[in-house]
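Following: one structure in C-alpha cells, then a few remarks.
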Amino acid sequence: MATEETLVLVKPDGVARGLTGQILARIEAKGYEIVDIRKFTPAREVLAAHYAEHEGKPFYEPLIEFMMSGDVVAVRVAGHRVIEGFRSLAGATEPTTAAPGTIRGDLGRDWGLKVQQNLVHGSDSPESAERELALWFS
Ligand code: IDP
Ligand code: MG
C-alpha cells in the first residue's frame, strides 16, 4: 500500500511570525517525511477551491482575505496515518482552547479578529488530501 500523504499549510500568520521552522520541526520530530514544499502567496481562485465547503459562512470572506494576505508554506507530508496524525499535532481550530502541546495550543492565540488565525491547515480526510494536494502542487 502506498504511503499516505497530507497537505499542510503554514498560514500567513505562521510565516509572518517566523514560526515555519518550528512547525516543520514538529512534523519531522514526529517522524513524518517532508516530500515537497513551496512558499508563495496564493491566488483567490486556489483559496476559493480549497475552502469551498465554508462558502456562505460568516468567516468565509475574512478567511480568504487572511489567506491572501502574505506568503504561505505548502507542504506535502507523508507517513502511515499522517492525515490523522497531523490533525492531532495541529490541535483544535480555536487556538484559545487548543490543547497545550499542539501547534495551535502552544504557538497560537485569539487576536479578536473575524477569522481565527491558527497557524496551520491540515487535510481532514483521504479525499480532502487528494483534492488539496492536486490543488496546491499542480
Ligand atoms: P480546521 O482548519 O481546524 O480544519 P475548519 O472548520 O476547516 O477548521 O475552518 C477552516 C479555517 O477557518 C480555520 O482553520 C480557521 O482559520 C477558520 N475558522 C473556522 N471556524 C471559524 C469560526 O467559527 N470563526 C472564525 N474563524 C473560523
Ligand atoms: Mg478544515
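As the structure lists them, so they are numbered: ligands from 1, and atoms in each ligand from 1.
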Original post:
How would you list, by chain and number, the residues with a heavy atom under 4.0 angstrom from ligand 1?
Top reply: Lys11, Tyr51, His54, Phe59, Leu63, Arg87, Thr93, Arg104, Lys114, Val115, Gln116, Asn118
Original post:
Which atom names give the shortest non-hydrogen contact between Gly70 and Thr41, and what distance separates them?
Top reply: C-OG1, 3.4 Å
Subject >> Thr3 to Gly79 - nearest heavy-atom pair and separation >> reply: CG2-N, 3.3 Å
**OP:** Can you label the angle between the Trp136 ring and the Phe40 ring as parallel, tilted or perpendicular, going by 30° and 60°?
**Re:** tilted
**OP:** For Glu65, check side-chain contact (heavy atoms from CB on, under 4.5 Å) against everything at least two apart and list the hits.
**Re:** Arg44, Glu61
Subject >> Any pair counted as salt bridge (charged side-chain N to carboxylate O under 4.0 Å, His left out), so long as it reaches residues 96-119, sequence neighbours left out >> reply: Arg26-Asp106
Subject >> Residues which pass salt bridge (Lys or Arg N to Asp or Glu O under 4.0 Å) with Asp36, listed by chain and number, not counting sequence neighbours >> reply: none
